[in-house]
Structure formats: C-alpha cells, structure tokens
Colleague: 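I'd like to ask some things about the structure below.
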Amino acid sequence: MYKINESRNRRILVIDDNEAIHDDFRKVLVGSAKKSKTGDSFAAFFGEEAPTTDEHTFEVDAASQGREGLEKVRQSIQDDRPYAMAFVDIRMPPGWDGIETVGHLWEVDPDLLIVICTAYNDYNWTEMSQQLGCMDRWLILKKPFDNVEVRQLASSLTEKWDLARKAELKLDELQQTVGTQNRELAAFRKAVDAAGIVAMIDLEGTILEANDNFCEVSGYTHDELVGQNHNLVLSDHHPVEFFEELYATVEQNKIWRGEICNQAKNGSLYWVDTTIVPMLDENNATVSYFTLRIEISDRKRLMGQLHTQAYNDSLTGLPNRASILDSIQNAIDRGPSHHFALLFLDFDRFKLINDSLGHDMGDQLLKEIAQRLTTTLRGTDQIKPARLGGDEFVVLLNRLTNLADATIVAERLLDVFSQSYQLGTHTVYSTASIGVVTSEYQYESANDMLRDADLAMYKAKAAGHGSYLLFDQTMREKAQYRLRLEGDLREAIEQGEFTLFYQPIVALESGQLEGLEALVRWKHPERGLISPDDFIPVAEETGLISAIGKWCLDEACRQFAEWRQTFGDDAPAFLHVNVSRRQLLDPNLINVVKRVIEKHAIPPEHLHLEVTESLIMEDQKTFIPILKELRKTGVKVDMDDFGTGHSSLSCLHEFPLDVLKIDRSFVMNAKHVRDYAALLQAILTLADNLELQVVAEGISDPEQLILLQALGCEYGQGYLFAEPSSAEEIQALFGAHTDWTKNSSEIQTATT
C-alpha cells in the first residue's frame, strides 16, 4: 500500500496516440519554475528574494495506447508508486478509445483520477456519465489545451489524490482504534460480569438489571430481583448513619466505595466490597446507578479470626493487652467530661500454685479467674475485663457517674476472689491485689494510665494480700524517683561512687575491739551520702546488687589485709561482710570468695559472711547447701537479723552457722518486756550448747549493755560504741587498748 508521507504524489500518466502531445504535457508540467515579476517585487519590498518551490513540477510518464497505459498503471501499483492522475485522449485508433481505457484503468487502480482530453464530440456528457458513472474521479479537458488550465488541473487533482489517501489512512486508524476499544470494552465487560456482582439501579432504588452472580450470591432469581427495590437484600448490620453517608455521596454525583453486609434470600449474611457509580446524562444529571460488588465474606471471616487472635487472649478468651490499650485510649480521647476508671488485678500465691501443681492447673486457675470476672461484671458493655499476661488482669469501667463507684467494684471483686477454687482434687485460694486509677488525672496515654494502675496494685500487694489501693500522685513520684535512682546506680557502679564504712563489734566481757562489719555507702555527686536503706532495695530488685556486693567483698578484704599488715595484732581480728540473695544464687560465688581470699592473703577463718535469717528461711533446700559449701572454704557464716524471720530455735542445729546476730528489736525490748529478756536468755543458752557465737545488734544505751553482759552475751555492736565510720576514722582507734564498754562516749567523739 502506498505510504503517505510529507512528500506529495506528483506522478502523472499521459495516454495519447500522438507523441507530440506527450512532449507538450512534459513542457507544461515538468518545466522548471521561472522567476516572475512578482518575485522581483517581493525582493524589492522585503529586501530578499521570494522562495521558489517545486510544487508545480510533476513526474510525467507517457503511453501511446490504452493497453500500454494499463500496463504502466499495473506496474506502478506493484512498485508501490501509483499515479495520482492520468490525461487520457478520447480517440486512440486502432486500440481502445478513452472511455474503454479509463474503465480498464479503474479496474486496476480505482483511486486514479482521470482527465479525458477531446477535440471532438464523440460522446456527450450524458453518454460519458452513463459509462463512467456520475463520480468525482474524472473531468473533461477540451483541445486545444491552455497551459495554465493544464497545470491547474494537475495541481488540483494530485492534491485531491493526496488528501483522499490521507483521509483513508486516518479513517483506517480510527476504525482500528475503535475496534481495539470495542474489543477491550467487551473484554472488560465480560471480566466484570464474570468476577463481580453487577446491577443497574434507578434513582428510586429499583433494580433495573442484575447479572448471574447477583442471583447466585443473593439466592434470588433474575425475575425476583429485577423490578424490586434494592432494600430487598439489605441487612440490619449497619446503622442508619452508614446509609445516610452513602446516599449523600451518590446524590452529589460522586462515586461511593465501601464494604456492605447484605442478606441473602435464606437469611444468611454476606459481605460485598461495593462501588456505586452515578450514570450521568448530557446535562450531568444522574439517571441511574451502576453498582459493582465483589463478595468478600471469606476475607471478612479471616479478618475476624485474625482480629480475634490479635486482640484476644488465647487462653481465657478475654481481650488482651493490645485490645484493652485501644479501649483505654478511646476512653481518654473522649475528653475530660468522660469519667472512667481502671482496675489492675494481680493474684496472690499464683506462682506458688503454678509451680507446685503444674502449669496445667495454673492455666485452669486463670480460666476460672476470667470466668469469675466475666460473670461478676456481666450486664453492661461499659465494663471491659482483659488479661494482660501471666496472672495480671485489668478491668476498664466506662461512663461512671461517680468515680468513687470504682472502689465499689473493687470491693465486690475482692469478695468474689476471696472464695476458694476447685482445681481437680485440689482446693486452692488466690486472693486479688487491686490497684485503682481514675480519669481525674486526665491522662493522655493509655500506657501511662496502665502504669499508674500497676503502681497502685504493687502498693496494695505490699500492704497485704486481698486488698485494693487508689492511686495517688505520690506513688508516681516515688516510682520516678526509683527509676532515676536505678539509672544513677548504674552510673555509680561505673564511676566507683561507693565507699565502705565500718562499725565495731566489741567483746562485751573485755571491752576490746574484736571485729568490724563493712557497710556500704553511696557518695552521690549531687545528693551526697545516700543511706543503704534507700538504694539497696532498688539494687536487689534490678540485680545491680550482684556487682555492688562483689565490689564490697573485694574492697573490704583489701582494706582488712592492709590493716593487718600495717597494725599487726592491733588490727581487728575479724571482718564481717553482708551477702545478698542474688550473690548466694550466683553459681560462681564460691570461686569468687576463694579468689578474694587468695588475692588479699586473708586467713579464711577471719572472714565472716552474713546472711539474713529471712533469706535462709525463704528456701532452706536451696540455701543450706550453698552455706555448707561456703563453710568448706574456711570462712565463717553468720545468721544476721535473727528473730525477724520464722525460724524455730529447735531447728538452728540444722543450719551450717558459726554466729548468731540477734536483731536490734530483741535488744530494744529486752529491758522493757520480760518475755523478750527470757527469750533472749533462751537464745543465748541454745547458742552456747550449739557452740555458736552470739552478737547482739543495735546496743544504744548502757542499760541494754548491762543486761546483755548479765545474760552472758559474748559480743555486741551498736551506736553505744560507735556509729559506722570511714576507714580513716576507724583506724585511728586501733592499738588504743580502750575498754569500749566503759568509754563509749569518748570513743564516739574520736570517730566523729
């Protein structure tokens, strides 16, 4: 096919039996353009020559007979170089005449434009029209020719031929485009109809058309759907506001998208992802609605399952931490006018039950707790119980008329959880400790509110099992102080901010200094000297006590070895160092003690390691073997704070001990309460029989000293003799050979 491009087709065929005519046409059509007077005027006016073009220069071929002309046309078609037009003589004896020739030419090239040249009246217009047709493909040129007329005909007809070809090409392109779009549209319609639920609905909601998928998912036949109002398939799942928003959107000629829960003919519900498109007329007025839905029931069920897994506790079925945090945050976001409260529950003795009866029984107990919560709080969706994890539960109380109502719920729960549980053949008790926090503190974060409820719960637990406590601001301040203290403690270990003070242990009969107890102190760079009562509990809770205890043991032994080397026999004979629970549980403790003794060359029998009575009694099976291993290293083991725990005098012989250190409470009450004095006498007698040394702690006045001496107590320590002092202060008293029991006031003055 001839390719249309920027160059025009100026190919012309002349068919005439007179070759002179051929030359005449070439002279007229092929001759070069000449510079005209007009060009001279152009140059004079504009200062430059007018441009010349070859738009009137043509490519002319010639043939003497019709058959020859036909062959040239046929060849031009094969070469894809067609002629735009042909000048054909009407009479060309002895061959075809002009009319017959034109007919044959058009059989080969219907697009060829013809000018019939004649000087005779062989045919009139009517006859020619009947044979050639009343078409716009041919014209008549009368001989003799006018050169201008010939050139005008050539220019006009070749231009017409070009325009016709371009029009055909454009039409073909348009037809291809339309065909492609029609095929794409048909494919799209087919795909939508196959995959989606399609319906056309009028402005009143009447179903105008529905596809097979709509019938299948709804359970209605095509006839049952068409003509009915679309409300036929609506369910009661959505609130009125949902549809008000939908209608408001489409009435503004906007597309609405969303998920809708519909109801099938059999009453079952199904979910569809819906798109509603207003169909507009030429005036942009809505005339109907096209609805496309994709069924997503399976996806919604899966999402529901995933939501349940993500927001519900798998053991109890209650909402989990993520779910309750969302609910708390929603309550907070309602603003200060919304009154609500949060209860944080922790169950006493759960760990004991779980460890002793097994995890299956522990899980059963948690299920029973969840059941009691659900049953007790049933009746309103404004109360939401949840499980955080372990044995920690919370209850969110929404829309409280009076915030004090939270304590009423707490008291009711305490009563419910005070009842026993039947776990298989076991009857167990697990009371609750409850922390209560209310919205009066105007929280911004759910985590902050949960944190404060947790703080209140721990305070309630510390106050005694089976109780509740309301959060107040001082709890948070104390917690923040402990948090800052923990951070400072970690830095203190790295920076070496700890120091040791020493308190004398005196032989009550001779009054001589027999030993020293090393007591850790913290020299805070900003707050000064911090008492161990403030930081030791935090250190034990965080585990930092292990590093602190290890440092204390090493530093005390270093100082003790230095005193022994410097002062010889005038140095104290024994060193007492406290050992924490975490240190005892450290499997490397024995090796640590051995290395310290060897490092500082201390006779092991001169080192006393003190362990509190309550610690030993907490888990005898664990700690007694550890104490026995410590004694095998040669060090002495002391039971500190004796009398504050739950040990019986009859079981003292079971403990691997060398020294009993009687708690200050016995010493304080002995002179006022006869029973204490009698008990103190019994302890001293039993200790003597078990070959245990006894140190009385907390001696603060002469009367206590006299009583202890009368009872035969061997050693004592307390403020009567000296307060804990630095190494420099305490060593000033070495070698003085002072009777500490008679000159306590002078000694205290010397160490201060």
Side-chain angles (χ1 to χ4, degrees), residues 303 306-347 366 369-370 373-374 377 380-410 413 432-463 467-490 538 541-542:
M303 293 295 292
L306 293 175
H307 184 276
T308 299
Q309 294 174 7
Y311 286 91
N312 287 80
D313 176 55
S314 59
L315 178 64
T316 63
L318 292 177
N320 61 10
R321 175 183 287 270
S323 177
I324 196 64
L325 283 174
D326 283 348
S327 298
I328 297 170
Q329 192 62 53
N330 289 336
I332 291 172
D333 294 342
R334 292 181 186 178
S337 61
H338 177 63
H339 302 297
F340 63 99
L342 186 67
L343 277 58
F344 196 115
L345 292 78
D346 182 89
F347 288 85
L366 292 174
I369 290 171
L373 272 175
T374 304
L377 302 175
T380 172
D381 59 357
Q382 300 306 321
I383 300 179
K384 184 176 182 178
R387 182 188 176 211
L388 298 181
D391 62 332
E392 294 181 338
F393 293 76
V394 295
V395 177
L396 177 63
L397 306 176
N398 268 312
R399 295 185 181 178
L400 294 177
T401 304
N402 189 334
L403 290 176
D405 291 342
T407 61
I408 298 175
V409 176
L413 291 175
S433 296
I434 303 177
V436 182
V437 63
T438 66
S439 57
E440 64 179 304
Y441 293 101
Q442 298 186 7
Y443 293 94
E444 295 182 357
S445 163
N447 282 304
D448 289 345
M449 190 173 195
L450 188 64
R451 174 204 62 204
D452 289 350
D454 190 13
L455 283 174
M457 182 277 294
Y458 273 109
K459 289 292 183 181
K461 200 176 189 72
S467 62
Y468 74 88
L469 194 64
L470 277 168
F471 172 81
D472 61 57
Q473 193 65 32
T474 60
M475 293 181 187
R476 186 189 302 167
E477 293 170 356
K478 289 178 180 178
Q480 292 172 344
Y481 171 76
R482 285 174 65 88
L483 187 62
R484 290 194 299 271
L485 197 64
E486 178 185 343
D488 290 349
L489 265 177
R490 295 183 186 278
V538 178
E541 180 182 334
T542 58

Colleague: Is there side-chain contact between Ser439 and Leu403, with at least one heavy-atom pair below 4.5 Å?
Modeller: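 The answer is yes, as the side chains (C-beta and beyond) meet within the 4.5 Å cut-off.
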Colleague: Are any non-hydrogen side-chain atoms of Val395 and Leu342 less than 4.5 angstrom apart?
Modeller: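 Contact flag for Val395/Leu342 side chains = no.
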Colleague: With side chain to side chain contact (heavy atoms under 4.5 Å, CB included) as the criterion, how do Ile369 and Phe393 come out once you've worked through the C-alpha distance, each side chain's angles and the decisive distance to 0.1 Å?
Modeller: CA-CA 9 Å; Ile369 290 171; Phe393 293 76; 3.8 Å; yes
Colleague: Where do Glu486 and Leu483 land on the side chain to side chain contact (heavy atoms under 4.5 Å, CB included) test, with the steps shown first?
Modeller: CA-CA 5 Å; Glu486 178 185 343; Leu483 187 62; 4.2 Å; yes
Colleague: Can you find a pair of side-chain heavy atoms, one from Phe471 and one from Met457, that are under 4.5 Å apart?
Modeller: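 They are not in contact (no side-chain heavy atoms under 4.5 Å apart), so the answer is no.
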Colleague: If you round to the nearest 0.5 Å, how far is NZ of Lys459 from OG1 of Thr474?
Modeller: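 One gets 7.5 Å once the value is rounded to the nearest 0.5 Å.
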Colleague: Give a yes or no on whether Gln473 atom CD has more than 12 heavy-atom contacts from other residues, nucleotides or ligands under 6.0 Å away.
Modeller: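 Counting neighbours around CD of Gln473, more than 12 heavy atoms of other residues, nucleotides or ligands fall under 6.0 Å, so yes.
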Colleague: I need the Ile408 CD1 to Asn402 CG distance, nearest 0.5 Å.
Modeller: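 Rounded to the nearest 0.5 Å, the CD1-CG separation comes out at 7.5 Å.
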Colleague: Looking only at heavy atoms, what is the nearest atom pair of Asn312 and Gly317, with distance?
Modeller: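 Smallest interatomic distance, heavy atoms only, reads ND2-O, 3.2 Å.
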Colleague: Look at the side chain of Ser467 and the backbone N and O of Ala463, then say whether any donor-acceptor pair between them is shorter than 3.5 Å.
Modeller: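 Looks like no, no N/O pair under 3.5 Å.
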Colleague: When you measure from the side chain of Asn320 to the backbone of Ser323, do you find a donor-acceptor pair of N or O atoms at a distance under 3.5 Å?
Modeller: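 Yes, because the side chain of Asn320 sits within donor-acceptor range (under 3.5 Å) of the backbone of Ser323.
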Colleague: Could you verify whether a donor N or O on one side chain and an acceptor N or O on the other, from Thr316 and Asp313, lie under 3.5 Å apart?
Modeller: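 There is such a pair (donor and acceptor under 3.5 Å, judged by atom type) between the side chains of Thr316 and Asp313.
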Colleague: Run the side chain to side chain contact (heavy atoms under 4.5 Å, CB included) check on Phe344 and Leu388 step by step: do they pass?
Modeller: CA-CA 10 Å; Phe344 196 115; Leu388 298 181; 3.4 Å; yes
Colleague: Nearest 0.5 Å please: distance from the OG1 atom of Thr374 over to the CG atom of Leu318.
Modeller: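 So the OG1 of Thr374 and the CG of Leu318 are separated by 5.0 Å.
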Colleague: Identify the two heavy atoms, one from Pro385 and one from Pro319, that lie closest to each other, and give their separation to 0.1 Å.
Modeller: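 Smallest interatomic distance, heavy atoms only, reads O-CD, 3.2 Å.
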Colleague: Can you confirm whether Val437 sits close enough to Leu343 that some side-chain heavy atom of one is under 4.5 Å from a side-chain heavy atom of the other?
Modeller: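 Val437 does not reach Leu343 side chain to side chain.
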Colleague: Any side-chain heavy-atom pair from Phe340 and Thr438 closer than 4.5 angstrom?
Modeller: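 Contact flag for Phe340/Thr438 side chains = no.
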Colleague: Can you measure from CD1 (Ile324) to OH (Tyr311) and round to the nearest 0.5 angstrom?
Modeller: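 Atom-to-atom, Ile324:CD1 and Tyr311:OH are 12.5 Å apart.
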Colleague: Which pair of non-hydrogen atoms, one from Arg399 and one from Gln382, has the smallest distance, and what is that distance?
Modeller: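 That would be CD-OE1, 3.5 Å.
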Colleague: Side chains of His338 and Asn398: do they bring a donor and an acceptor to under 3.5 Å?
Modeller: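 Yes, side-chain donor-acceptor contact under 3.5 Å.
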Colleague: If you round to the nearest 0.5 Å, how far is CG of Leu469 from NZ of Lys461?
Modeller: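 Reported to 0.5 Å precision, the distance equals 13.5 Å.
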Colleague: For Ile434 versus Ala410, what's the shortest heavy-atom pair and its separation?
Modeller: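 For Ile434 versus Ala410, the nearest heavy atoms are CD1-O, 3.7 Å.
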Colleague: The test is side chain to side chain contact (heavy atoms under 4.5 Å, CB included); show your working for Leu377 and Leu373 and say whether it passes.
Modeller: CA-CA 6 Å; Leu377 302 175; Leu373 272 175; 4.1 Å; yes
Colleague: Side chains of Asp346 and Tyr458: does their closest heavy-atom pair fall under 4.5 Å?
Modeller: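 No, every pair of side-chain atoms sits at 4.5 Å or beyond.
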Colleague: So, the side chain of Glu392 versus the backbone of Asp454: is there a donor-acceptor pair under 3.5 Å, distance only?
Modeller: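 No, the answer is negative, given that no donor and acceptor are paired below the 3.5 Å cut-off.
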Colleague: Below 4.5 Å, heavy atoms only, C-beta onward: do Leu345 and Val394 meet side chain to side chain?
Modeller: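 Result no, sub-4.5 Å side-chain heavy-atom pair not found.
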Colleague: Compare all side-chain heavy atoms of Arg451 with those of Asp448 and state whether any distance is below 4.5 angstrom.
Modeller: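 Of all side-chain heavy-atom pairs linking Asp448 with Arg451, at least one is under 4.5 Å.
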Colleague: From Arg387 CZ over to Leu315 CG, what is the distance, rounded to the nearest 0.5 angstrom?
Modeller: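 Answer rounded to 0.5 Å: 5.0 Å.
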